[in-house]
Enquirer: 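Questions regarding the structure given below will be posed in turn.
The structure presented is a predicted model; accordingly, all values stated were derived computationally and were not measured. Letters A, B, ... are given to chains in the order of the sequence lines, protein chains preceding strands, and every chain is numbered from 1.
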Amino acid sequence: MSDDKTILLVEDERQMREAVATALECEGFAVCEAASASQAAVEAAARRPDVVILDLGLPDRDGIDFIRDYRAWSPTPILVLSARTQEKSKVEALDAGADDYLTKPFGIAELLARVRVLLRRGQAMPAAPEPKIRFGDYEINCVTRVVERAGEALHLTQIEYRLLVFLAANPGRVMTHHHLLTHIWGAKAADNHQYLRVYVGHLRQKIEASPACPRHILTEIGVGYRFEP
Amino acid sequence: MAWAALLLVLMLPALRSGPMTDTPYFLPATLMLAVALTVGHSTLRLRRHAEIAERKSLLSKTLYEFSRELSGALTATDVADATFAFLASAVGARNAHLIPPAEFAAPPFPVLATRLEACVEQARLNWEPLPDGALHALLPLAAASGTQGVLAFEAMPAVVSHPDFVEYIETVASLVAVALERSRFAEMARETEVRHASEVLRSSILGALSHDLRTPLAALVSMADTAALGKASPERQKRLLEAIRNQAMTICQQMMNLLDMAKLSSGRVELNRAWQPVDEVVGVVLTQIRGQWRDREISVDLPRNLPPVCIDAVLIERVLWNLLENAIKYAPADAPIELAVRQLGDRLEISVSDSGPGLPDGDAGRLFNLFQRGRQESDVAGVGLGLAISRSIVDAHEGEIGASNRLGGGACFYFTLPIGNPPDVLALG
């Protein structure tokens with residue numbers, strides 16, 4: 001099924017690149033490799049990959065600059081690999097347009113799972129958008145603005161509704177605090193993380209079976225939230 | 001004197017007019033004049049004495065206040081700042097600066113090295129006129145252990161030429177010199193202490209690296225070699241590879257701990273604090289823990305409507321992870337673990353309890369020291385960093401961390417976080 005999918009792997013460390021490339025090839029993906037940002041830019045233009053896996057620490061350029069340049073012309077999902085000491089650049093990369101991140105060391109199974117989620121999203125994008133979002137027992141009707149659980153309407157405030165729709169429309173994607181705040185409240189609220197936490201708390205009380213161990217709205221500590229359908 | 005002169009002036013016309021000279025009034029008049037002169041003179045002297053005493057008392061009061069201020073100055077910079085401010089207000093000094101001994105060979109403009117050298121050698125105030133009529137003064141600061149530096153400043157000639165100026169300014173110099181000397185000794189003591197502490201830390205890190213990391217690395221090499229031989233059954237091969245992965249992950253985690261500790265103990269950590277419900281951190285850590293130890297049972301007691309806390313979530317997550325990981329590693333596999341959060345007055349307490357063997361005898365606080373492990377020869381991997389890191393993080397949050405044995409057996413580790421005054425955000429639509 002994944003034969004026709006191409007993954008661009010940008011990683012300067014040879015052993016790491018080989019390990020990841022081998023794993024991806026074993027899963028049937030076509031892999032093109034790049035060891036620097038400049039090489040990656042050339043490969044990205046020539047091969048038109050379906051997903052880009054990008055290590056942030058590159059020898060020639062900052063990975064975040066690469067993301068900004070790439071986002072200027074391509075919506076292809078980007079999975080960022082970061083070292084644990086790069087907490088800040090991780091958030092910057094996501095704000096610059098990356099879709100997800102993994103912190104080294106990561107499990108290969110986790111990497112493959114993330115790549116599959118990104119591929120599904122990449123596929124879903126060009127299709128005509130459906131005004132309904134479904135996850136678990138829930139159905140969101142974006143036309144009537146009604147959220148139903150197993151056919152029963154759920155009462156959500158205006159902001160809770162907008163937050164839920166925005167999260168659910170981007171399944172699997174890590175949404176940074178900054179991104180969510182500017183989208184829901186506008187640019188003025190960008191630094192007021194506590195707004196977001198309060199509303200995410202409310203939303204969890206309403207849609208999660210166990211708000212302390214959420215299943216749908218997952219916290220990425222220090223980064224933001226990820227929605228799992 | 002003025003009195004006497006006045007009297008003389010009043011009497012002169014009388015003297016000149018003549019009649020007094022040949023009258024018997026002459027003698028008393030002369031006597032009175034003499035008395036007046038003497039009284040006038042002594043009054044003047046007394047007054048001058050009183051004035052001098054008053055000024056001296058004012059000067060010694062300002063000096064006393066200055067010396068009190070100096071005793072509060074801890075560093076050479078504090079001393080210098082206090083001195084500049086004092087000189088400006090007491091003698092109207094301008095452009096005051098301190099030339100430390102290190103700069104004697106090449107003093108800052110407009111001081112010349114030869115002039116500075118001569119001044120230090122004579123250990124006396126030295127001044128030179130400036131083009132604008134002011135004087136440029138150099139004041140050597142001599143103390144028991146040598147010259148602590150030279151104060152350079154500009155002052156008006158009227159001030160400098162005052163007969164008491166030299167005595168006064170040299171008293172100031174000796175006060176400043178003693179303060180500088182004291183700050184230098186304090187600095188040296190501090191440096192020695194820091195050097196000693198980092199020496200201890202370095203040797204502990206080396207010890208930890210050589211014992212606790214070399215051993216698992218050796219096993220890693222052997223396992224990889226065995227796997228590379230390719231003679232083991234596929235089943236065993238798979239087990240070997242899994243073991244290699246777990247071992248590598250453990251080492252990786254220990255490296256992270258070491259790096260974290262180095263960062264935390266260097267004091268370079270900036271807390272990225274934000275108001276948030278503690279549930280969020282608890283939820284994330286539980287998800288991670290359940291991912292790594294699938295079959296460990298952890299019961300959670302998390303009341304609803306707990307107040308938010310202002311924390312660095314990434315760091316508090318590390319604390320909670322460390323406490324849970326410890327409970328999982330040290331308590332028997334079938335012993336249940338309890339995680340509880342509760343509000344105690346103005347603090348939130350988060351505790352992790354197990355029903356394992358409990359704490360080793362002795363001081364529980366010792367467990368939170370660097371490279372301290374409950375049991376020295378333990379088969380549980382680790383270098384004794386987790387709790388030390390946790391303590392540093394909780395300290396930075398102005399919380400408390402501790403451990404105790406439970407009544408029914410087992411250990412309880414807990415930490416508290418101050419609640420403070422969260423901003424009211426519920427008012428927002």
Enquirer: Tell me, out of B:Arg245, B:Gln276, B:Glu317, who's got the most heavy-atom pairs with chain A below 4.5 Å.
Expert: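 Top option by heavy-atom pairs under 4.5 Å: B:Gln276.
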
Enquirer: Let me see the working for B:Arg406 and B:Asp354 under salt bridge (charged side-chain N to carboxylate O under 4.0 Å, His left out), right down to the final yes or no.
Expert: CA-CA 9 Å; B:Arg406 299 170 83 193; B:Asp354 63 50; 5.9 Å; no

Enquirer: Can you tell me how far CG of A:Asp99 sits from CG of A:Leu94, rounded to the nearest 0.5 angstrom?
Expert: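 It is 8.5 Å, given to the nearest 0.5 Å.
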
Enquirer: Chain A heavy atoms under 4.5 Å from B:Val281: which part of the residue, side chain, backbone, both or neither?
Expert: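 Both backbone and side chain of B:Val281 come within 4.5 Å of chain A.
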
Enquirer: Is there a donor-acceptor pair closer than 3.5 Å between any side-chain N or O of A:Ser89 and the backbone N or O of A:Glu92?
Expert: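 Looks like no, no N/O pair under 3.5 Å.
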
Enquirer: If we define contacts as heavy-atom pairs under 4.5 Å, which of B:Arg290, B:Met249, B:Arg304 has the most with chain A?
Expert: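 Top option by heavy-atom pairs under 4.5 Å: B:Arg304.
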
Enquirer: Less than 4.5 Å to any heavy atom of chain A: does that hold for the side chain of B:Val314, its backbone, both, or neither?
Expert: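 It is both, since atoms from each part get that close.
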
Enquirer: Examine A:His179 together with A:Phe166 and report whether their ring centres are nearer than 6.0 Å.
Expert: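 Here the rings of A:Phe166 and A:His179 have centres that are less than 6.0 Å from each other.
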
Enquirer: Can you tell me how far OG1 of B:Thr226 sits from CG of B:Leu240, rounded to the nearest 0.5 angstrom?
Expert: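 If I round to the nearest 0.5 Å, the distance is 6.0 Å.
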
Enquirer: Look at the rings of B:Trp321 and B:Trp293 and say which category their plane angle falls in: under 30° parallel, 30 to 60° tilted, over 60° perpendicular.
Expert: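 B:Trp321 vs B:Trp293 ring planes: tilted.
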
Enquirer: Measuring from atom CG of B:Leu344 to atom OH of B:Tyr414, what distance do you get when rounded to the nearest 0.5 angstrom?
Expert: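 If we round to the nearest 0.5 Å, B:Leu344:CG and B:Tyr414:OH are 10.5 Å apart.
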
Enquirer: For A:Arg197 and A:Thr219, which I'm curious about, is there any donor-acceptor pair between the side chains at under 3.5 Å?
Expert: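 Note: A:Arg197 and A:Thr219 side chains miss the donor-acceptor criterion.
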
Enquirer: Using heavy atoms and a sub-4.5 Å threshold, report which of residues 8-17 of chain A line up against chain B, by residue number.
Expert: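 At a heavy-atom separation under 4.5 Å, chain B is reached by no residue of residues 8-17 of chain A.
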
